[in-house]
2 protein chains.
Amino acid sequence: MIEDDIFRALADPTRRAIFEKLAAGSMNASALRKGMEISQPAISQHLSVLTNAQLVRAQRKGRFVNYAVNPEGLALIAQWLTKYRAYWPERIDDLKILLKDMDQ
Amino acid sequence: MIEDDIFRALADPTRRAIFEKLAAGSMNASALRKGMEISQPAISQHLSVLTNAQLVRAQRKGRFVNYAVNPEGLALIAQWLTKYRAYWPERIDDLKILLKDMDQ
DNA sequence: GTAAAACATAAGCATACGCTTATATGATTC
DNA sequence: GAATCATATAAGCGTATGCTTATGTTTTAC
């Protein structure tokens, strides 16, 4: 089940931080590492987890590897969320969420 | 970080199955257990995790405890998703996802 | 081709997870 | 209040997770 991988990948705060950085703009592992107190192997392992979860995409560019957000993973979360659309309007505060055209 | 709890809670397939059952209608732990090959303590522990993640609500009804979906958790996921709204249109297949009125 | 840079993989370790069995708590029924 | 039902907690166990250090790969630069 891919959902296992996606949710598990996002359960780690370091991984969410990496993902957030990538969402602001794709970059290689070294660039990602800057400002994060983490070892090189750790970043590499996290990126592997994110990639397997289809949240991130890897592409070799010479001796660098460019990492970018993979919309596939996000779409799968959105898709999962729509199953429980019935509960969204019951949100306590004033958040308004609308999802349409996903009746497949 | 509540996101840790939410994503971790959903990373387990048994927990997602429990959540899905509750989404179809609130019920107590015994009813939930029916049809699931799982021990009573296991269900209880899973429900505890889901409750802590604000995905589920517990309410005593005599000697039963009624469990129901807590929209709060779902809303937090939706909220998290909106941060990456920019990437949604890039979805490969024909899935159409639209989110509006969440500019808070 | 040799050295160095960017990244991945291997191995090991402490901690967390999900399950089990056993027991405790809370509430009803008689 | 004793027995029973519904649920929670405790303790223990095997496995997974996230990190580290050490070593491999792959590609560029000289």
Side-chain angles (χ1 to χ4, degrees), chain A residues 1-22 25-70 73 77, chain B residues 1-22 25-70 73 77:
Chain A
M1 204 87 296
I2 182 72
E3 280 92 354
D4 288 31
D5 299 323
I6 294 179
F7 287 126
R8 180 133 25 74
L10 294 173
D12 185 80
T14 305
R15 242 149 20 214
R16 285 204 311 280
I18 291 172
F19 184 83
E20 192 152 359
K21 264 192 150 183
L22 284 178
S26 69
M27 63 186 93
N28 57 56
S30 302
L32 263 174
R33 215 184 137 199
K34 277 173 191 160
M36 307 194 71
E37 300 229 337
I38 195 166
S39 69
Q40 179 268 315
I43 278 267
S44 184
Q45 288 159 15
H46 281 312
L47 284 168
S48 174
V49 172
L50 287 166
T51 303
N52 284 330
Q54 300 183 27
L55 285 161
V56 155
R57 270 209 180 102
Q59 188 174 20
R60 267 251 169 222
K61 293 273 183 182
R63 71 178 153 184
F64 292 82
V65 176
N66 194 261
Y67 285 98
V69 165
N70 182 355
I77 301 175
Chain B
M1 205 83 301
I2 182 70
E3 280 92 354
D4 288 31
D5 299 324
I6 293 179
F7 287 126
R8 186 169 303 284
L10 294 173
D12 184 79
T14 305
R15 236 140 36 204
R16 285 204 310 280
I18 291 171
F19 184 82
E20 193 151 358
K21 265 193 150 183
L22 284 179
S26 68
M27 64 186 94
N28 57 56
S30 303
L32 263 174
R33 217 185 136 197
K34 277 173 192 161
M36 306 195 71
E37 299 230 337
I38 194 164
S39 68
Q40 179 268 316
I43 277 267
S44 184
Q45 286 159 16
H46 281 311
L47 284 168
S48 173
V49 171
L50 286 166
T51 304
N52 283 330
Q54 300 182 28
L55 285 161
V56 156
R57 271 210 180 101
Q59 188 174 21
R60 268 253 167 218
K61 292 274 184 181
R63 69 178 154 184
F64 294 82
V65 176
N66 194 260
Y67 285 97
V69 164
N70 182 355
I77 300 175

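Every heavy atom of this structure was used, including side-chain atoms; hydrogens, water molecules and symmetry mates were not. Each chain gets a letter, A, B and so on, in the order its sequence line appears, and its residues count up from 1.
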Exercise. Can you measure from CG (A/L10) to CD (B/E3) and round to the nearest 0.5 angstrom?
Key: 10.0 Å

Quiz prompt | Separation between CG of A/N28 and CZ of A/R60, rounded to the nearest 0.5 Å | solution = 11.0 Å

Quiz item: Starting at CG of B/L32 and ending at P of D/dA8, how long is that distance when rounded to a whole Å?
Solution: 11 Å

Quiz prompt | Main-chain N/O of B/T51 paired to B/R57 side chain as donor or acceptor, under 3.5 Å | solution = no

Quiz item: Where do A/I2 and A/N52 come nearest, in terms of heavy atoms and distance?
Solution: CD1-O, 3.9 Å

Quiz prompt | Partner residues of A/F19 under the ring pair (Phe, Tyr, Trp, His ring centres under 6.0 Å) criterion, sequence neighbours left out | solution = B/W80, B/Y84

Quiz item: Which ones in residues 1-14 of chain B lie close to DNA chain D, meaning a heavy atom under 4.0 Å from one of its atoms?
Solution: none

Quiz item: Is there a residue in residues 37-50 of chain A whose heavy atoms reach under 4.0 Å of DNA chain D, and which residues are they?
Solution: A/S39, A/P41, A/A42, A/Q45, A/H46

Practice problem: If a protein heavy atom is under 4.0 Å from the base, mark B; if only from the sugar-phosphate, S; if neither, -; do that for nucleotides 24-30 of chain D going 5' to 3'. | Solution: ---BB--

Quiz item: Base, sugar-phosphate, or nothing for B/R15, non-hydrogen atoms under 4.0 angstrom?
Solution: sugar-phosphate

Self-check item: Rounded distance (nearest 0.5 Å) linking atom CE of B/M27 with atom CG of B/N66
Solution: 9.0 Å

Quiz prompt | Nearest-0.5 Å distance that lies between atom OG in A/S26 and atom NZ in A/K61 | solution = 8.5 Å

Quiz item: Is any side-chain N or O of B/Y67 closer than 4.0 Å to OP1 or OP2 of D/dA8?
Solution: yes

Exercise. With B/I18 as reference, evaluate B/V49, B/L55, B/L32 under the side-chain contact (heavy atoms from CB on, under 4.5 Å) test and give the passing residue.
Key: B/L32

Practice problem: Any chance you could measure A/R8, atom CZ, to A/R15, atom CZ, to the nearest 0.5 Å? | Solution: 8.5 Å

Quiz item: Which distance, rounded to the nearest 0.5 Å, do you find between the NZ of B/K21 and the NZ of B/K34?
Solution: 9.5 Å

Quiz item: Closest heavy-atom contact between A/Y67 and A/L47?
Solution: CE1-CD1, 3.5 Å

Quiz prompt | Criterion side chain to side chain contact (heavy atoms under 4.5 Å, CB included) on B/Q54 and B/I6, from CA distance to verdict | solution = CA-CA 7 Å; B/Q54 300 182 28; B/I6 293 179; 5.6 Å; no

Exercise. Can you tell me the distance, in whole Å, between the CE atom of B/M27 and the C1' atom of D/dT7?
Key: 16 Å

Practice problem: List in chain and number order the residues that pass side-chain hydrogen bond (donor to acceptor under 3.5 Å, both in side chains) with B/R16, two or more places apart in sequence or in another chain; answer none if no residue qualifies. | Solution: A/D4

Quiz prompt | chain A footprint on DNA chain C, 5' to 3' - any atom under 4.0 Å from a heavy atom | solution = C/dA5 to C/dA10

